[in-house]
Amino acid sequence: MIKLNSKQCRIYRVRVNDLEAPFLYNDPTLEVCHHESKQRNLNYFSSAYTAAVSAVDPDAGHGELVIKVPSELWKQGDDLKVLKVYIEFSLDQPKGGLHFVVPDVEGSMAERGAHVFGSCDGKMKIFSCHRFWFPCVDSYSELCTWKLEFTVDASMVAVSCGDLVETIYTHDMRKKTFHYVLPIPTAAPNISLAVGPFEILVDPYMHEVTHFCLPQLLPLLKHSMSYLHEIFEFYEEILTCRYPYSCFKTVFVDEAYVQVSSYASMSIFSTNLLHSAMIIDQTPQTRRCLAQALAQQFFGCFISRMSWADEWVLKGISGYIYGLYLKKTFGVNEYRHWIKEELDKIVEYELKMGGVLLHPTFSGGKEKDNPTPHLHFSIKHPHTLSWEYYKMFQCKAHLVMRLIENRISMEFMLQVFNKLLSLASTASSQKYQSHMWSQMLLSTHAFLKSISNVSGKDIGPLIKQWVDQSSVVKFFGSFAFNRKRNVLELEIRQDYTSSGTQKYVGPIKVTVQELDGSFNHMLQIEENSLKHDIPCHSKSRRNKKKKIPLMNGEEVDMDLSAMDADSPLLWIRIDPDMSILRKVEFEQADFMWQYQLRYERDVVAQEEAISALEKFPTPASRLALTDILEQEQCFYKVRMQACFCLAKIANAMVSTWQGPPAMKSLFTRMFCCKSCPNIVKTNNFINFQSYFLQKTMPVAMALLRDGQNICPKDVLNFILDLIKYNDNRKNKFSDNYYRADLIEALTNSLTPAMSINNEVRTVDNLNADVRLILEEITRFLNMEKLLPSFRNTITISCLRAIRQLQKNGHIPSDPSLFKSYAQYGHFVDLRIAALEALVDYTRVERSSAELQWLLSMAQNDPVHYVRHKILGMLCKNPPFTKTTDSALCNEALVDQLWKFMNSGTSHDWRLRCDAVNLYYMLFGLTRPSCLPLPELGLVLNLKEKKAVLNPTIKPELGVGAPDPVSLGVCGVGQPPQGLKRKADTPLGSPPEPGQVLQQQDDDGRGARYKIRVRHEDIDMETVHDSQAFIHHHLNLLERPSTPGTHTHTHTHTHTHTHTLIAEYRNTHTHHCRGHYIHVTSYKQALDNKKKPAKPGSVRRTSTSAGRG
Amino acid sequence: MADPAVASGGPLNAGARGSAGKATSSPAENYLLARRRTLQVVVSALLTESGFESAEKAAVETLTEMLQSYITEIGRCAKAYCEHTARSVPTLSDTVVTLIEMVTNAPVTPKALSAGQKRTHPAHIPSHFPEFPDPHTYIKTPTFREPVSDYQVVREKAATQRRDVERALTRFIAKTGETQSLFKDDITTFPLIAAQPSTIPYLSALLPSELELQALEETDSSEQDDQTDGENTAGNAITDDPGADKENSMLPPSGVVPSTKASEDNVIDNPYLRPVKKPKVRRKK
């Protein structure tokens, strides 16, 4: 028996070595819970879903398509001879996998800029969805070489993996065929395709690199790609290894599934990453995306994972070398800032949602061993993961790589990578020794072994702590200075009981800045020791006028008058290098934070100090922050953060605040004309640091509040003046982000309207300030229609402002404006902003109409990303939660959402997981409270029903029925349920299983039970297999006698496929299961070679034998 | 004998006769004759004044002829002067200049009409040239306003102007097209131009607007060159594409752009730039 992955495809016929082979095609994930179950809880769903995914898991040798090798060929199989498998299939209106973008305008497909691409969650690469568009072994661990052919319209270009060998016209000269060869063994999920009327740009620095973009965007492409060669050089240099593929292609497509996705020798990006030379803010982001894509080319595409549990190694390495690139390009400050940001993110997520486990081991394979019981989804398969979780998983993976680097040094780290890459490239050139190819797959074990070989160090404890175990560490630190002993008594406590935390035992670094210098101390955190005594080096009474040495060797003058006269301590830092995944809450006096902010040179320390100073609204804090703001040597992101902190402090000190509003005079000094201080200089953004500061300060200032808790009049006027006098004519750069930020500042200045007994808001009773603000917003919004800004940033800010005005009761709350901007056909950023406003509206107004509107868009919108975002935003800002009561929470909604995740999202893993998240957010794990109580004696009832309806089922009941509530028996109730369904309204959404159940009503009955019996015979492991059997047998009855004609009809029904991809062919040869696929007009042949070797193949063969 | 007749009865007779005798002639000719008669009368009167008793007809005719050409010449010259100074109706000064030109003594402006102290000729002007006119005719007092150079005011003005233009423009567009409103009861105070979905939304969102390109042009010419260059090639690519089907498709669509570049950098061997091969007849699946 051969099992392959395939979804959505209509399979007409399968032949093995020219012999017709019976096959089963069943996709258990189409509908997760196979009946109108009374069970409406997530625990049930999630285990059923996990079971469904397991049932077709290619890593476990399963698949949706099960081909029974004809008995005549068994002998050949046993002799390990090559089997050739032909599969004829068509793809009819695919909902997932391939994404078609066809703008609705006149003209040919090429003129319209229509294109198609593999819309797999490429970046993630976990949700391998290749089974959506052709039958394959959809696993990263099944390598083979490829030959691919695509026939497309003559005006189109087909970009795919590997080398383009030649392009040939078809006989009528109206189409051309692109022939690709990928000689490097590659797994199916790393294969992709993009077809469109692309403009082609050969990289001027590297001729083997080709860039593709949609028509008219070539100038942007030229500019955006002008930097790529430097990234190439960087990676090749640090890895001391050539880029493994002979060519590289970047394709920029519209409506991309994710921003960046990497495949073997090609990457697909969102077209929105392209920008012109005038755009500042987008530039670093685009470069980061390029760098990420390229890092994944080495680790992720060329070297791929052995199994899902090893995913963290690849994500970790690619994330880690991407970090090195950041450090080199954007500087150490940016790098450390980024590390802190990522660390804060993962810490926050784990503390809120529970731990993220990098290397799950499923020894028992039973639910009881679930390593992450706190999650509402299973982490056993990539397909069941929540998107958010996976993002955090990646984040943690690269942070852990950095921890390993801290432990073994960067040199060793890079040596390890180099070793892995050179092993892999040696292996990849072994054309006929496919057993060597396993070197191209990386497992946790191999990685760790390589590390210990290269470095000779044991990183076992580190791995155990952060990889094999989830959660982060939470420290609380405080100290006292013992003057008599001249000793610092440091107390470090841990919280390891709350969710997402673990206990840390081991070394921790503490840095103490004293008067005589900075000193590092390694402390040992042990089971029960909280207190640590650290001897101080300096005498408390200081020698005046002496310069104070800092950690980096610098010596500075400090005004020490603020210090405690008795102690020589300036500031203390716990784990300054971030070598533990932790959150530290440390208590020290305000002046210490102020010294730390002013004099510590590490940006992380400065940022920590700023966050801490929020709690100390004193003139001294104000001074420290203002000084930092003015200091040009200081990292700009620190200065930006200081703006917001200063606003908070000013608000806390409102009664004692002296002088003009915070930052106003500073801004005037920095950015306004000398002669007329109320007028801002004409824009000149040559200096990016001051550009970012100029953008940020008004936004922070608008957060200032006076005694009545409203924004001071002169701050508002100041911002309005900035808008009025903004003049970008002499600027080399676009000011769209700046203007968007000024609108954001206006938004920030809004405070709730004085409520005058709930009167209706009209133009006449508009507050005078609000009128001014509204005037500006109207003008901006209207101007944007005539002169759109880059990525419509200004409209986005305006929409947010309008929502804020509505929310604060200044103007009537009304969703219609947002709805019009949320429509398909607007720029995607704009749509997301409008949808965000709608989500907020739904929550505030508790509008069920809007909720329905959003949900229907989440189900029907053509853009995957928008659908994903709608659900994501609903989760972040839910209309109600499991703990609150709401009129919105009703049975119909539960049903709708249930159906959506159960069967409406089978074509998109990500969307399904989003829906699961939302369901969890709204209703929790258990039965939603709004549902009527389940009928008493459900079990009994079910049994009765069964008994009444079908006594023959009894033997089965023995297996499944004793505990219907128990998980993982989702399919058991089928026979009675099938009958029940007939009585109810049929479940519309999923065609296949539903139909099957319907069709079988009369004639199927007898047959079905026969199949049941057979099912026992052939020992199918899961219920899904039996389902497949039923399905298959029914299908047999309906199968067209002449598949050719059938194919024909389908080519007509599906125009997209017809025009764009007429045919493709691929060849893989493979160590354990190579395929030779030859497709002509939707016919595919698959050839299966069984080669000697590998435990994997043995396992597979034996399963096959057992089954067959 | 003839003189009185000529002098007194002339005009009337001439008029009567002229109109009678040349009844058939055109009115223009009539006027011509009438003017001639008038001149004859004038000449006769002058002769009489000068003490002539009588004159031969031929002599009167000749004198009339002379007078007429003299007057015509004055008129022609005066007209030429006036047109020379871009006017259409001659003024007194035109005539005066003419008379000077024709070496006649210009009529002297009556004393009562002249005012102020006339300027004397500078050395380089010969004394026979006419005197300067009265000072009031050429003395000027500058009346333009000082250009505003105060930075604050300029900025203020520029800002207001831009704002006004923008507001007027957007209001106009809003008035002439579909709008959305934030208030249900009042749709005119803050009219928002309705959001129109576009078929290819990313184009307008990503490509810099004309205005921005223009601004760039002003600030940095080298940068800008690059830009328009790109623009042109992009434009070419678009216009090329539709027609590209048969002939041009020897190259992949819009592959034109890099390939021209390729020729500069010598050969770039990129598979996407290679020509598409013709199908081999023999080998067909």
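To find a chain, count down the sequence lines: A is the first, B the second, and so on, and within it residues start at 1.
Checked by atom type and distance alone, the side chain of B/Arg171 never pairs as donor or acceptor with a backbone atom of B/Pro191 at under 3.5 Å.
Proximity to chain B (any heavy atom under 4.5 Å) is shown, for A/Asp727, by both the backbone and the side chain. Only the side chain of A/Ile802 comes within contact range of chain B, with heavy atoms under 4.5 Å apart. Using a 4.5 Å cut-off between heavy atoms, A/Leu164 contacts chain B through both its backbone and its side chain. Interface residue A/Leu766: only side-chain heavy atoms are found under 4.5 Å from chain B. Proximity to chain B involves both the backbone and the side chain of A/Glu775, based on heavy atoms less than 4.5 angstrom apart. B/Gln196 touches chain A through its backbone: at least one of N, CA, C or O sits under 4.5 Å from a heavy atom, while the side chain does not. Both the backbone and the side chain of A/Lys724 come within contact range of chain B, each with at least one heavy atom under 4.5 Å from a heavy atom of that chain. Contacts of B/Ser198 with chain A are made by both backbone and side-chain atoms, with heavy-atom separations under 4.5 Å. Of the two parts of A/Lys819, neither the backbone nor the side chain holds a non-hydrogen atom closer than 4.5 Å to a non-hydrogen atom of chain B. For A/Ile679, the part lying under 4.5 angstrom from a heavy atom of chain B is the side chain only. When heavy atoms are compared at a cutoff of 4.5 Å, B/Gln152 approaches chain A by way of both its backbone and its side chain. A/Thr795 does not touch chain B: none of its heavy atoms, backbone or side chain, sits under 4.5 Å away. At a 4.5 Å heavy-atom cutoff, A/Val828 makes no contact with chain B through either its backbone or its side chain. For A/Phe780, no part lies near chain B; criterion is any non-hydrogen pair under 4.5 Å.
When every heavy atom of B/Tyr272 is checked against every heavy atom of A/Ala158, the shortest pair comes out as CE2-O, 4.3 Å. Considering every non-hydrogen atom in both A/Cys673 and B/Tyr151, the closest pair reads SG-CE2, 3.2 Å.
The CG atom of A/Asn728 sits 3.5 Å away from atom CG of A/Asp735, with the distance rounded to the nearest 0.5 Å. The structure places OG of A/Ser155 at 11.0 Å from CZ of A/Arg174, a figure rounded to the nearest 0.5 Å.
Between chain B and the residues A/Ile777, A/Asn678, A/Thr271, the largest count of heavy-atom pairs under 4.5 Å involves A/Thr271. Contact count against chain A (heavy-atom pairs under 4.5 Å) is highest for B/Ala195 among B/Ala159, B/Ala194, B/Ala195, B/Ala158. Put simply, of A/Leu830, A/Leu805, A/Thr682, A/Val159, the one with the most heavy-atom pairs under 4.5 Å next to chain B is A/Thr682. For chain B, the option among A/Leu787, A/Asp163, A/Thr210, A/Asn792 with the highest count of heavy-atom pairs below 4.5 Å is A/Thr210.
Relative orientation of the B/His121 and B/Phe132 rings is perpendicular, given thresholds of 30° and 60° on the angle between their planes. A perpendicular orientation is assigned to the rings of A/His275 and A/Phe790, their planes being inclined by more than 60° (bins at 30° and 60°).
Counted within 6.0 Å of NZ on B/Lys79, heavy atoms from surrounding residues, nucleotides or ligands total 12 or fewer; the atom is thus considered open. For B/Phe172, the CZ atom is loosely surrounded, since the number of other residues' heavy atoms within 6.0 Å does not exceed 12.
Ionic pairing of B/Arg274 and B/Asp269 is present here: one or more N-O contacts between side-chain nitrogen and carboxylate oxygen are shorter than 4.0 angstrom. Salt-bridge check for B/Arg163 with B/Glu166: failed, with every basic side-chain N at 4.0 Å or more from each acidic carboxylate O.
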